Number of protein chains: 2
Amino acid sequence: MRHVRGAVVSEYEHTCLIRGDGGRTLRAVLDRICNKWTLLIVATLDQGNVRFTDLHHQIPGISQRMLTLTLRNLERDGLVSRTVYAEVPPRVEYALTAIGKSLIPPALALAGWAIEHVPHIEASRAAYQDRSR
Amino acid sequence: MRHVRGAVVSEYEHTCLIRGDGGRTLRAVLDRICNKWTLLIVATLDQGNVRFTDLHHQIPGISQRMLTLTLRNLERDGLVSRTVYAEVPPRVEYALTAIGKSLIPPALALAGWAIEHVPHIEASRAAYQDRSR
DNA sequence: CAGTATCCTTAGCGATACTG
DNA sequence: CAGTATCGCTAAGGATACTG
């Protein structure tokens, strides 16, 4: 319960965090986060410094192209740091920044919700299919 | 704390919630949630029963088409209920189901993160732009 | 009021091949 | 090792017009 201009406001008002500016702030995040590989990469980088090839091996199914692109976006947004070592053969290590790390708890909240509810959602989808036949 | 091949492993192991099945469960949710309108609609429906036209007015910028499509998907996944009243003119009310409501806390976690970090992220993007000029 | 139907553009992604 | 470059597909979404 919260108070706004003296009135007691029920829980639903919290959702103004979501609807706030017409959803623009939330969407700014969703647009960066909700692509196919970002959260997987962030979760993988949570173990510390990781090299390009290690990421490639630890994330099944990702192509070099998408790994590079997603890492560039994460670097550009300041969630991931990229360190190049002047060696031969070249070595590049990626790591989460403080902001990158701070993304993990909310991501875990979503993952927890997923694990809890996805089975029911899939059942619901299947039932919906049957109805329209 | 857990041990892997004799080494002590810290918190990062929590992220197996995300990486678990190669990220399939999490992606099943992200795929439904991360489109442009879903979370906005869910947040708007948190106020209770809402009619189609009310949703249309309360969500700035959404087209009839996308409102219908997104609502259908939410209904199909069991997050939203749809009630048709046999009246003239027609009346249709949408509401969150229990599962739909349960999505709000994780969504708020993400929205909170967004509000806290998006300014810094945008600054980082701008700086990145400048560097490549 | 509460939708459908149609057309169209763009962004995301995969596959493949090549390189400093 | 750590990437680029190019091509091609598909799905998301917007604009507009129509309807039981």
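Below, read A as the first sequence line, B as the second, and so on, with proteins coming before strands; counting in each chain starts at 1. Quantities reported herein were computed from a predicted structural model and do not represent experimental measurements.
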Q: In whole Å, I'd like the distance from the CG atom of A:Leu69 to the C1' atom of C:dA11.
A: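 Whole-Å distance recorded here is 12 Å.
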Q: Nearest-Å distance, CZ (A:Arg27) to P (D:dA12)?
A: 16 Å
Q: Checking contacts here: which listed nucleotide (C:dG14, D:dG3, C:dA2) is nearest the side-chain heavy atoms of A:Met66?
A: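 Closest nucleotide among those given: C:dG14.
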Q: Taking the nucleotide of DNA chain D with the nearest heavy atom to each, does B:Gln64 or A:Phe52 sit closer to the 5' end?
A: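 It is A:Phe52 whose nearest nucleotide is closer to the 5' end.
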Q: May I ask you to say whether A:Asp77 pairs ionically with B:Arg125, meaning some side-chain N is under 4.0 Å from a carboxylate O?
A: yes
Q: Would you classify A:Tyr85 as touching base, sugar-phosphate or nothing, given that sugar-phosphate means primed atoms plus P, OP1 and OP2, and contacts are heavy atoms under 4.0 Å?
A: nothing
Q: With A:Asn35 as reference, evaluate A:Leu39, A:Thr38, A:Ile33 under the side-chain contact (heavy atoms from CB on, under 4.5 Å) test and give the passing residue.
A: A:Thr38
Q: What does C:dA2 pair with, Watson-Crick or G-U, if both distances are under 3.5 Å?
A: D:dT19
Q: Should A:Leu45 and A:Val84 be counted in the same cluster of Ile, Leu, Val, Met, Phe, Trp and Tyr side chains packed under 4.5 Å apart?
A: yes
Q: From C:dG3, D:dT4, C:dC1, pick the nucleotide closest to the side chain of A:Thr68?
A: D:dT4
Q: The side chain of B:Arg65 lies closest to which of these nucleotides: D:dC7, C:dT6, D:dA2?
A: C:dT6
Q: Specify the separation, in whole Å, of atom CG of B:Asp54 and atom C1' of C:dG3.
A: 15 Å
Q: Given C:dC1, C:dG3, D:dG3, identify the nucleotide with an atom nearest to the side chain of B:Thr53.
A: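 Nearest listed nucleotide: C:dC1.
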Q: Does a side-chain heavy-atom distance below 4.5 Å link A:Leu71 with A:Tyr94?
A: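 Sidechains of A:Tyr94 and A:Leu71: in contact.
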Q: What is the distance, rounded to the nearest whole Å, between atom CZ of A:Arg82 and atom P of D:dC1?
A: 16 Å
Q: More 5' along DNA chain C: A:Cys34 or A:Pro90, using each one's nearest nucleotide?
A: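 By nearest-heavy-atom nucleotide position, the 5'-most residue is A:Cys34.
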Q: Under 4.0 Å between any heavy atoms, over every strand shown, what does A:Ser63 touch: base, sugar-phosphate, or nothing? Just pick one.
A: nothing
Q: Tell me: NZ of B:Lys36 to P of C:dA11, nearest whole Å?
A: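 It works out to 12 Å between those atoms.
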Q: From CG of A:Leu30 over to P of D:dG13, roughly how many Å is that when rounded to an integer?
A: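 Rounding to the nearest Å, CG of A:Leu30 and P of D:dG13 are 11 Å apart.
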Q: Let me know the distance between CG of A:Asn35 and C1' of C:dA11, rounded to the nearest Å.
A: 12 Å
Q: Does B:Arg82 have more than 12 heavy atoms from other residues, nucleotides or ligands lying within 6.0 Å of its CZ?
A: yes
Q: Rounded to whole angstrom units, what separation is found between the CH2 atom of A:Trp37 and the P atom of C:dA11?
A: 22 Å
Q: May I ask you to say what A:Arg91 touches in the nucleic acid, namely base, sugar-phosphate or nothing, with a heavy-atom cut-off under 4.0 Å?
A: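 Sugar-phosphate: the residue A:Arg91, judged by heavy atoms under 4.0 Å, touches backbone atoms but no base.
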